[in-house]
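A quick write-up on the structure given underneath.
In each ligand, atom 1 is the first atom listed, and ligand 1 is the first ligand listed. Nothing here was measured: the structure is a model prediction, and the numbers come from that model.
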Amino acid sequence: MIKIISVTNQKGGVGKTTTTINLATSLAAVKKNVLIIDADPQGNASTGLGIPYKSRDPSIYEMIHEKKLLKEGIKETIIPGLSIIGANTDLAAAEVELTSFDKREYTFTNIFKEIDNFDYVFIDCPPALGLLTINSLVASDSALIPLQSEFFALEGLSALMKTIELIQQSYNKKLEIEGILLTMVDKRNSLSSLVEKDVRQHFEKKVYKTTIPRNIKISEAPSHGKPALIYDTHCAGSLAYIELAKEVILNQNVKS
Ligand SMILES: Nc1ncnc2c1ncn2[C@@H]1O[C@H](COP(=O)(O)OP(=O)(O)OP(=O)(O)O)[C@@H](O)[C@H]1O
Ligand SMILES: [Mg+2]
C-alpha cells in the first residue's frame, strides 16, 4: 500500500519543507521506501537534499507540460531508501498552464498513477492554495499540516480546512487529515505554550503528541544539502522528527 501525504499550509515559512525532508528521512531510516515530490517552485526540498539545480529535470512541470514520465524524474538522494522528484522555478508556470486544462484538478492524480514500490510519498506543497496545492490534495490520501507555534498560527487555517472539505466533497472523498504538527516550539516562551494549548483544545486528537522544537541545527542543515538527521543525528530537532515518524507509522497501523 502506497500512502500519499501532502505536507501543506498556505502560510509561508511554517516548516513544511523541513518536515517533509526530516520526516521522510526518519521513515527511510527504518527501512521504508520513501519518495518526496517537490511541488513548490522555490525548490527548497530539492536544495535541502543537495539536488543540484541542473539535475532537477524532469520535474512535475515537465510531466505536466511535456508529458514526461514520472519514473524519469525520480532521483536517488544521499539517504538510502529516499528518492525525490525535484523542482525549480519553471514549476511556477504550471500554476498558470493548469488553468486551461480539462479536469485540471486531476492532473497530478493522473501523473501519480505510475508510482509504485514506495511505502510513503510526501508532497512538499507551495505556500499558496492554488492549483499546485489543490492538485496535490486531490492526489493524496491525507494532509499533514505544520503549524508554527506563534500568535498568527491559526490565521488562515480555516481557509485551509475549507479547501480540504471542498476537495473531500468534490474531488477526493478519501482525503483525511493526517495530523497537525506544531513546529518551532519554544518551551521557555509562554506564548508558544498558549498557542499549543489553544490548538490542542481546538483540534484535539488531530494534533500530534510530538512537537518540533525551535532548533538551530534544523535551520543550518539545508545549507549543507542534508537533512538535520544526517547533519546532527542527536540534536533535539532530529530526535523530535524520529518521534514524529513513530506516530505516523502507528497512526497508519491503527487505521489499516
Ligand atoms: N524547528 C525549527 N527550528 C529552527 N528553524 C526552523 C525549524 N523548522 C524550520 N525552520 C526554519 O524556518 C524556515 C522556514 O522553514 P521551511 O522552509 O521548512 O518552511 P516552509 O513552510 O516550507 O516555507 P515555505 O512556505 O516558504 O515553503 C527555514 O529557514 C527553516 O530552516
Ligand atoms: Mg517550503
Side-chain angles (χ1 to χ4, degrees), residues 5-26 36-51 53 56 59-60 84-89 91-92 94-95 122-130 132-134 136-137 143-150 152-157 159-160 163 178-189 191-193 195-196 199 207-208 210-245 247:
I5 302 174
S6 280
V7 182
T8 190
N9 186 337
Q10 80 277 19
K11 206 164 155 58
V14 297
K16 293 181 287 294
T17 304
T18 305
T19 298
T20 301
I21 292 176
N22 290 295
L23 176 57
T25 303
S26 305
I36 290 176
I37 299 175
D38 195 344
D40 183 356
Q42 296 181 99
N44 293 156
S46 312
T47 308
L49 283 164
I51 307 294
Y53 200 83
R56 292 181 193 174
S59 72
I60 291 288
I84 183 166
I85 294 175
N88 56 38
T89 44
L91 187 56
E95 193 74 67
F122 290 96
I123 310 174
D124 186 24
C125 292
L129 281 177
L132 288 170
T133 297
I134 289 172
S136 300
L137 289 167
L144 194 161
I145 304 167
L147 270 192
Q148 190 177 345
S149 38
E150 44 124 91
F152 295 115
L154 292 165
E155 268 204 5
L157 197 59
L160 177 58
T163 303
E178 184 68 32
I180 296 173
L181 175 68
L182 284 154
T183 62
M184 299 181 234
V185 171
D186 182 353
K187 295 278 184 203
R188 294 162 306 177
N189 178 337
L191 180 62
S192 203
S193 308
V195 171
E196 180 172 352
V199 171
V207 187
Y208 288 111
T210 308
T211 59
I212 309 300
R214 186 173 279 284
N215 180 253
I216 186 81
K217 299 286 181 187
I218 287 193
S219 54
E220 284 172 6
S223 64
H224 297 266
K226 289 176 181 167
L229 264 109
I230 305 290
Y231 179 64
D232 185 342
T233 314
H234 302 291
C235 74
S238 298
L239 298 178
Y241 276 110
I242 292 169
E243 282 307 308
L244 176 65
E247 274 196 72

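Looking at Ser238, its side chain does come within 3.5 Å of a backbone N or O of Asp232 through a donor-acceptor pair. Counting only distance, with no hydrogens or angles, the side chain of Ser149 and the backbone of Leu182 share no donor-acceptor pair below 3.5 Å. Judged purely by atom type and a 3.5 angstrom limit, Lys16 uses its side chain to pair as donor or acceptor with the backbone of Lys11. For the pair Glu247 (side chain) and Thr210 (backbone), a donor-acceptor distance under 3.5 Å is present. Under the 3.5 Å distance criterion, the side-chain polar atoms of Asn9 are matched with a main-chain donor or acceptor of Pro146. The backbone N or O of Ala87 lies less than 3.5 Å from a partner atom in the side chain of Ser46, making a donor-acceptor pair. For Ser192 (side chain) and Val185 (main-chain N/O), no donor-acceptor pair under 3.5 Å exists by modelled atom type.
At under 3.5 Å, a nitrogen or oxygen of Gly15, whether backbone or side chain, sits near a nitrogen or oxygen of ligand 1. Between Thr18 and ligand 1, a contact under 3.5 Å exists for at least one N or O pair.
For ligand 1 and Gly12, the ligand atoms under 4.0 Å from any heavy atom of the residue are 25 (O). With ligand atoms numbered from 1 in the order given, ligand 1 contributes 24 (P), 26 (O), 27 (O) to contacts under 4.0 Å with heavy atoms of Gln42. Taking a cut-off of under 4.0 Å to the non-hydrogen atoms of Asp40, the atoms of ligand 1 that pass are 27 (O). The contact set between ligand 1 and Ile212, taken as ligand atoms under 4.0 Å from a residue heavy atom, comprises 1 (N). Here is the list of ligand 1 atoms found below 4.0 Å of a heavy atom in Val14: 19 (O), 20 (P), 21 (O).
Distances shorter than 4.0 angstrom do not occur between any heavy atom of Thr183 and any atom of ligand 1.
Listed by chain and residue number, the protein N/O/S atoms under 2.8 Å of the Mg ion (ligand 2) are Thr17 OG1, with waters left out.
Residues Glu196 and Lys187 are paired through a salt bridge, judged by an N-O separation under 4.0 Å between the basic side chain and the carboxylate.
Of the protein's non-hydrogen atoms, Lys16 N, 3.5 Å is the one closest to atom 20 (P) of ligand 1. The closest protein non-hydrogen atom to atom 12 (O) of ligand 1 is Met184 CE, 3.9 Å. Among protein heavy atoms, the minimum distance from atom 31 (O) of ligand 1 is reached at Ser219 CA, 3.4 Å. Of the protein's heavy atoms, Gly13 N, 3.5 Å lies nearest to atom 24 (P) of ligand 1. The protein non-hydrogen atom at the shortest distance from atom 1 (N) of ligand 1 is Pro213 O, 2.9 Å.
Residue Pro227 forms a side chain to side chain contact (heavy atoms under 4.5 Å, CB included) with just one option from Thr25, Thr20, Ile218, and that option is Thr25.
Taking a distance limit of 4.0 Å, we find that atom 7 (C) of ligand 1 is approached by some protein heavy atom.
Side-chain atoms of Tyr241 and Thr19 include a donor-acceptor pair closer than 3.5 Å.
Around atom 4 (C) of ligand 1, the closest heavy atom drawn from Asn215, Ile218, Val185 belongs to Asn215.
Contacts with ligand 1 closer than 4.0 Å are made by heavy atoms of both the backbone and the side chain of Thr17.
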